[in-house]
Engineer: 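Questions regarding the structure given below will be posed in turn.
What you are looking at is a predicted structure, and each value in this text was computed from that prediction instead of being measured. To find a chain, count down the sequence lines: A is the first, B the second, and so on, and within it residues start at 1.
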Amino acid sequence: MSQTVRIQNIAQHVGQTIIIKGWLYAKTGKGRLQFLQIRDGSGIVQGVMFKPNLPKEVFDAGKRLSQESSIIVTGTVKEDKRAKGIPKGYELDITDLKIVQVAEDYPITPKEHGIEFLMDNRHLWIRSRKQWAILRVRAVVMQSLRQWLHEHGYLEMSTPIFTPSVGEGTTTLFKTDYFGEPIYLAQTGQLYNEANIFSFGKVYCFGPTFRAEKSKTRRHMTEFWMLEPETAYQDLDGLMEMIEQIVSYTVAQCLERCQDELEILERDLTKLKQITLPFPRISYDEALEKLADIRNNIQDHELKKLLEIEWGSDFGSPHETELTKLYDKPVFVYGYPSQCTAFYMEPWDDRPEVSKSIDLLAPEGYGEIVGGSERISDPELLLERIRHDNLPEEAFKWYIELRKFGSVPHSGFGLGLGRTVAWICGVRHVRETNPYPRTLGRVYP
RNA sequence: UCCUCAGUAGCUCAAUGGUAGAGCAAGCGGCUGUUAACCGCUAGGUUAUUGGUUCAAAUCCAUUCUGGGGAGCCA
C-alpha cells in the first residue's frame with residue numbers, strides 16, 4: 001500500500017509511488033496523453049496520464065473529469081525541471097486514479113472574470129491560485145505577529161465584541177439588540193486592554209472589529225481583523241521601536257516562509273527586502289512641509305486641490321499616498337494635532353495642542369496600516385478630555401478608575417491585518433485578503 | 001451622504017436607431033508534452049427594472065434596482 005503524501009512534501013518522495021488526495025484544478029490533454037493539474041490544499045502538482053500505462057476504463061474516466069472533481073491519485077514522483085507546480089520541479093506519473101466525485105460544471109473557469117462574479121463565488125474563488133496564496137500569507141502574517149508577541153512576553157487577551165457605547169466616539173458603530181437593550185459591536189479592544197495591562201503588563205487582542213462606515217474603497221471592510229497590543233511603562237519612542245520590530249519581523253517571516261505564494265502573486269521581492277530597521281520618523285509638522293513641497297511641484301490641478309491641507313486637519317488618503325512615495329520603507333508620522341485625534345491620547349510635553357500619536361504608513365501607496373499613541377495616565381486630564389468631547393462620563397467610570405490605582409505611562413497600537421496583508425502581497429484591494437470579506441453592500445457568501 | 005462608471009448567452013465582451021454576435025465554458029469527435037493547448041461539429045438570449053420618444057430601441061430620455069471605483073472617515 002502506497003503512502004499518502006501532501007504535495008508540499010513531494011520533494012522527499014522522488015522515485016516513490018505515492019497517493020495524493022485532492023481535486024482536479026485544471027486539465028489539458030492531447031489524445032492518449034492527458035495532463036491533470038492536481039491540488040490538495042498544500043500545493044499543485046501535474047499528473048500525467050499516458051494511455052498505455054493505465055487500465056482503459058481508468059484512462060477514459062480521467063479524460064472526462066470535470067474541473068474541481070475530487071480524486072485520489074496513485075503515481076510515481078518524477079523530477080522534472082520544467083514542471084510548473086507548487087513546489088516547482090516535480091511531476092506525477094499516474095498509475096491509478098479513483099474518482100470520489102465528478103464535479104458539476106464549475107463556474108470559475110481559467111479565464112477572466114469580473115469582480116462581482118468572483119465575489120458572488122467567493123466560497124469557490126478561494127480555491128484559485130492567487131486567492132489561495134493570499135490567504136496562506138495571511139495565515140503566516142497572523143502566526144508571525146503572535147510569535148513576535150509571544151517571544152516578547154505578551155499575553156493574548158480576549159476582549160469583548162458586545163460592548164456598551166464606549167468607543168472612540170468618532171466612528172459609526174453597528175447597533176444590535178441585547179435582550180431588549182441596545183448594544184454595539186466592538187470597533188476596538190483597546191480600552192479593555194488598558195485595564196488588562198495593570199494585571200499582566202504586556203497584552204494584546206487579535207480579532208474582528210466592526211465599523212458601520214459607508215466607506216466604499218479598496219482599503220475598507222465593515223468587519224476587519226485588528227491586532228491591538230498594549231504595554232505598561234512604554235512611552236511613544238518605545239511604541240515606535242516595538243512597531244518597527246514587529247512589522248519588519250513579520251515581513252521577514254513572509255519572505256522566508258511564503259516564497260511560492262509571493263511568486264504566484266508576482267510580488268516584487270526587492271521591495272519587501274528593503275523593509276529593515278529602522279523606519280523613518282517624521283513629525284506631523286514636517287509632513288505638512290513635505291506635502292507643501294509636493295504640491296508646489298505638481299501640475300495636476302485636481303490632485304493639487306486634493307492635497308490642500310491646513311494645520312490641524314488629519315491626512316486624507318491622497319496625502320498619505322504622496323508621503324509614502326518619498327520612502328522605500330514604512331514611515332512613522334508622529335505628533336498629530338490633538339483636535340484630530342482621540343480623547344485618550346497623551347498631550348505632547350509643553351505642546352498641548354499636539355498629541356503623542358503615531359501612524360505608520362506603508363510604502364507603495366498602501367497608506368495607514370498602524371495607528372497608535374501613548375495614553376493619558378492622569379485621571380483629571382482624562383476626565384477633562386471626556387467632558388470636552390461630550391462623551392458619557394458614567395460609561396467611562398471604569399476606564400477613569402484605571403488611572404486611580406497605580407496609573408503608569410502606557411501605550412499601544414492597532415494594526416490592520418487586511419491592509420498589512422494587502423501590502424505584503426501587493427494586492428490592490430483588502431477584500432482579497434479576507435476569506436469572506438464584509439464590505440458595504442456585501443455579506444454573501 | 002456626495003461624485004463617477006457600468007449592467008447583453010454560465011463567464012469575458014462586441015453590436016452607437018434597422019435580422020442580437022464572437023471567444024471561452026458545457027456536450028460530441030480527433031490529436032504523445034500540455035501549461036488560458038489546438039481543430040471540427042452541437043446547443044445556448046425576457047439585452048437588470050419600469051415607463052417614454054420613434055415606423056423601428058441593447059442603442060436615445062427618465063425612473064428604480066444592483067454592482068465597481070473614489071471622497072469624507074478610518075485599520
Engineer: Taking salt bridge (Lys or Arg N to Asp or Glu O under 4.0 Å) as the test, write out the residues that go with A:Glu368, two or more places apart.
Structural biologist: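 For A:Glu368, no residue satisfies salt bridge (Lys or Arg N to Asp or Glu O under 4.0 Å) once neighbours in sequence are set aside.
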
Engineer: Using whole Å, what does the distance between atom P of nucleotide B:G68 and atom CZ of A:Arg218 come to?
Structural biologist: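 Value for this atom pair: 15 Å.
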
Engineer: Could you run through nucleotides 33-40 of chain B and give me one letter per nucleotide, 5' to 3': B if any protein heavy atom sits under 4.0 Å from the base, S if only the sugar-phosphate is that close, - if neither?
Structural biologist: BBSBB---

Engineer: Side chain of A:Asp40, backbone of A:Ile20: donor and acceptor closer than 3.5 Å?
Structural biologist: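 Pair absent, no side-chain N/O of A:Asp40 close to backbone of A:Ile20.
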
Engineer: Among residues 368-376 of chain A, which contact RNA chain B at a heavy-atom distance under 4.0 Å?
Structural biologist: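 Only A:Glu368, A:Ile369, A:Val370, A:Gly371 qualify.
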
Engineer: With rounding to the closest Å, how many angstrom separate the P atoms on B:U64 and B:G10?
Structural biologist: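 Approximately 28 Å lies between the P atom of B:U64 and that of B:G10.
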
Engineer: Please report the distance, rounded to the nearest Å, between CG in A:Asp60 and C1' in B:G29.
Structural biologist: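 In whole Å, B:G29 C1' lies 13 Å from A:Asp60 CG.
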
Engineer: Identify, residue by residue, the members of residues 94-106 of chain A with a heavy atom below 4.0 Å from RNA chain B, and return them in order of residue number, or none.
Structural biologist: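 Under 4.0 Å from RNA chain B: A:Asp105.
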
Engineer: Main chain of A:Ile264, side chain of A:Lys130: is a donor-acceptor contact present, judged purely on distance under 3.5 Å?
Structural biologist: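 Absent.
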
Engineer: A:Leu173 CG to B:C74 P: how many Å, rounded?
Structural biologist: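 Interatomic distance, CG of A:Leu173 to P of B:C74: 13 Å.
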
Engineer: In terms of the angle between their ring planes, are A:His123 and A:Tyr444 parallel, tilted or perpendicular, with boundaries placed at 30° and 60°?
Structural biologist: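 If you compare the ring of A:His123 with that of A:Tyr444, the planes turn out perpendicular.
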
Engineer: Nearest heavy atom decides the nucleotide; on that basis, is A:His113 or A:Trp225 closer to the 5' end of RNA chain B?
Structural biologist: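 Comparing both residues, the 5'-ward one is A:His113.
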
Engineer: Have a look at A:Glu364 and tell me which of A:Lys329, A:Arg267, A:Arg419, A:Lys325 forms a salt bridge (Lys or Arg N to Asp or Glu O under 4.0 Å) with it.
Structural biologist: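 One option only clears the test, and that one is A:Arg267.
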
Engineer: For A:Arg438 and A:Val443, which heavy atoms make the closest approach, and how far apart are they?
Structural biologist: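 So the minimum-distance heavy-atom pair works out to NH2-O, 3.3 Å.
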
Engineer: Send over the distance from A:Glu116 CD to B:U66 P, rounded to a whole Å.
Structural biologist: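 About 11 Å, once rounded to whole Å.
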
Engineer: Would you say A:Arg428 reaches B:G70's phosphate, i.e. side-chain N/O to OP1/OP2 under 4.0 Å?
Structural biologist: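 Yes.
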
Engineer: Grab the two heavy atoms, one from A:Arg211 and one from A:Gln187, that are nearest each other, plus how far apart they are.
Structural biologist: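 Residues A:Arg211 and A:Gln187, closest heavy atoms: NH2-O, 2.9 Å.
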
Engineer: Between A:Arg281 and A:Glu241, is the closest basic N to carboxylate O distance under 4.0 Å?
Structural biologist: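 A salt bridge is absent here (no side-chain N lies under 4.0 Å from a carboxylate O).
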
Engineer: With rounding to whole Å, what would you report as the distance between B:G7 and B:U46 at their C1' atoms?
Structural biologist: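 Going atom to atom, C1' in each nucleotide, I get 15 Å.
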
Engineer: Please measure how far the P atom in B:C65 lies from the corresponding atom in B:C28, and state the result in whole Å.
Structural biologist: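 The same atom, P, in both gives a distance of 45 Å.
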
Engineer: Take the protein atom CG of A:Leu118 and the nucleotide atom P of B:A25, then report the distance between them rounded to whole Å.
Structural biologist: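 In whole Å, B:A25 P and A:Leu118 CG are 17 Å from each other.
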
Engineer: Which residue, A:Arg385, A:Arg375, A:Gln190, forms the side chain to side chain donor-acceptor pair (under 3.5 Å) with A:Tyr344?
Structural biologist: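 In the set A:Arg385, A:Arg375, A:Gln190, the residue that makes a side chain to side chain donor-acceptor pair (under 3.5 Å) with A:Tyr344 is A:Gln190.
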
Engineer: Could you tell me whether a side-chain N or O of A:Ser357 sits under 3.5 Å from a main-chain N or O of A:Ser373, the two making a donor and an acceptor?
Structural biologist: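 Such a contact is absent between A:Ser357 side chain and A:Ser373 backbone.
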
Engineer: Could you tell me whether the side chain of A:Gln67 and the main chain of A:Ile108 form a donor-acceptor pair under 3.5 Å?
Structural biologist: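 Yes; judged by distance alone, with no hydrogens or angles, the pair exists.
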
Engineer: Provide, to the nearest angstrom, the distance between the CZ atom belonging to A:Phe210 and the C1' atom belonging to B:C73.
Structural biologist: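 Going from CZ in A:Phe210 over to C1' in B:C73 covers 19 Å.
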
Engineer: Would you say the side chain of A:Arg64 and the base of B:C28 hold a donor-acceptor pair, judged only by whether the two atoms sit under 3.5 Å apart?
Structural biologist: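 Counting by modelled atom types and ignoring angles, no donor-acceptor contact under 3.5 Å is found here.
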
Engineer: So does A:Lys63 get a backbone contact from the side chain of A:Lys27, meaning a donor-acceptor N/O pair under 3.5 Å?
Structural biologist: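 Yes, the answer is positive, given that a donor and an acceptor are paired below the 3.5 Å cut-off.
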
Engineer: In whole Å, measure the gap between the C1' atoms of B:A36 and B:U4 for me.
Structural biologist: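 Looking at atom C1' only, B:A36 and B:U4 are 33 Å apart.
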
Engineer: Hey, does A:Met221 reach any base, or is it just sugar-phosphate, or nothing, if we go heavy atoms under 4.0 Å?
Structural biologist: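 The residue A:Met221 makes base contact.
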
Engineer: Would you say A:Arg431 reaches B:G69's phosphate, i.e. side-chain N/O to OP1/OP2 under 4.0 Å?
Structural biologist: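 Checking A:Arg431 against B:G69: at least one side-chain N or O falls below 4.0 Å of OP1 or OP2.
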
Engineer: Could you check whether the side chain of A:Ser215 and the base of B:G72 have a donor-acceptor pair of N or O atoms closer than 3.5 Å, going by distance alone?
Structural biologist: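 A donor-acceptor contact between them is present.
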
Engineer: Treat a base pair as Watson-Crick or G-U wobble with both distances under 3.5 Å, then lay out RNA chain B in dot-bracket form, 5' to 3', with | for cross-strand pairs.
Structural biologist: (((((((..((((....[..)))).(((((.......))))).....(.(((..]....))).))))))))....

Engineer: Between B:A57 and B:A48, how far apart are the two C1' atoms, rounded to whole Å?
Structural biologist: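 To the nearest whole Å, 16 Å.
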
Engineer: Does the salt bridge (charged side-chain N to carboxylate O under 4.0 Å, His left out) test come out yes or no for A:Glu91 and A:Lys81, once each step is laid out?
Structural biologist: CA-CA 9 Å; A:Glu91 203 173 72; A:Lys81 286 269 187 289; over 6 Å; no

Engineer: Of all the heavy-atom pairs spanning A:Tyr366 and A:Arg219, show the shortest one and how long it is.
Structural biologist: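 The pair with the smallest heavy-atom distance is O-CD, 4.4 Å.
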
Engineer: Starting at CG of A:Leu440 and ending at C1' of B:U66, how long is that distance when rounded to a whole Å?
Structural biologist: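 Distance check: A:Leu440 CG to B:U66 C1' gives 13 Å.
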
Engineer: Could you check A:Phe396 against A:Phe343 for ring pair (Phe, Tyr, Trp, His ring centres under 6.0 Å), going step by step and ending with a plain yes or no?
Structural biologist: CA-CA 12 Å; A:Phe396 287 97; A:Phe343 73 92; 5.2 Å; yes

Engineer: How would you label the contact of A:Arg219 with the nucleic acid (heavy atoms, under 4.0 Å): base, sugar-phosphate, or nothing?
Structural biologist: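 If one applies the 4.0 Å heavy-atom cut-off, A:Arg219 turns out to touch a base.
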
Engineer: For nucleotides 2-10 of chain B, just jot down a letter per nucleotide in 5' to 3' order: B, S or -, based on protein non-hydrogen atoms under 4.0 Å.
Structural biologist: ---------

Engineer: For the aromatic rings, using the six-membered ring if either is Trp, is the centroid distance between A:Tyr154 and A:Tyr204 under 6.0 Å?
Structural biologist: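 No, they do not, as the ring centres are separated by 6.0 Å or more.
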
Engineer: Decide yes or no on side-chain hydrogen bond (donor to acceptor under 3.5 Å, both in side chains) for A:Asn193 and A:Asn196, but give the supporting numbers first.
Structural biologist: CA-CA 5 Å; A:Asn193 272 343; A:Asn196 292 335; 3.0 Å; yes

Engineer: Write down the distance between NE2 (A:His319) and P (B:C74), rounded to a whole number of angstrom.
Structural biologist: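 Taking NE2 of A:His319 and P of B:C74, I get 13 Å after rounding.
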
Engineer: Ring centroids only, cut at 6.0 angstrom: are A:Tyr284 and A:Phe315 within range, meaning strictly under it?
Structural biologist: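 Aromatic pair counts; centres sit under 6.0 Å.
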
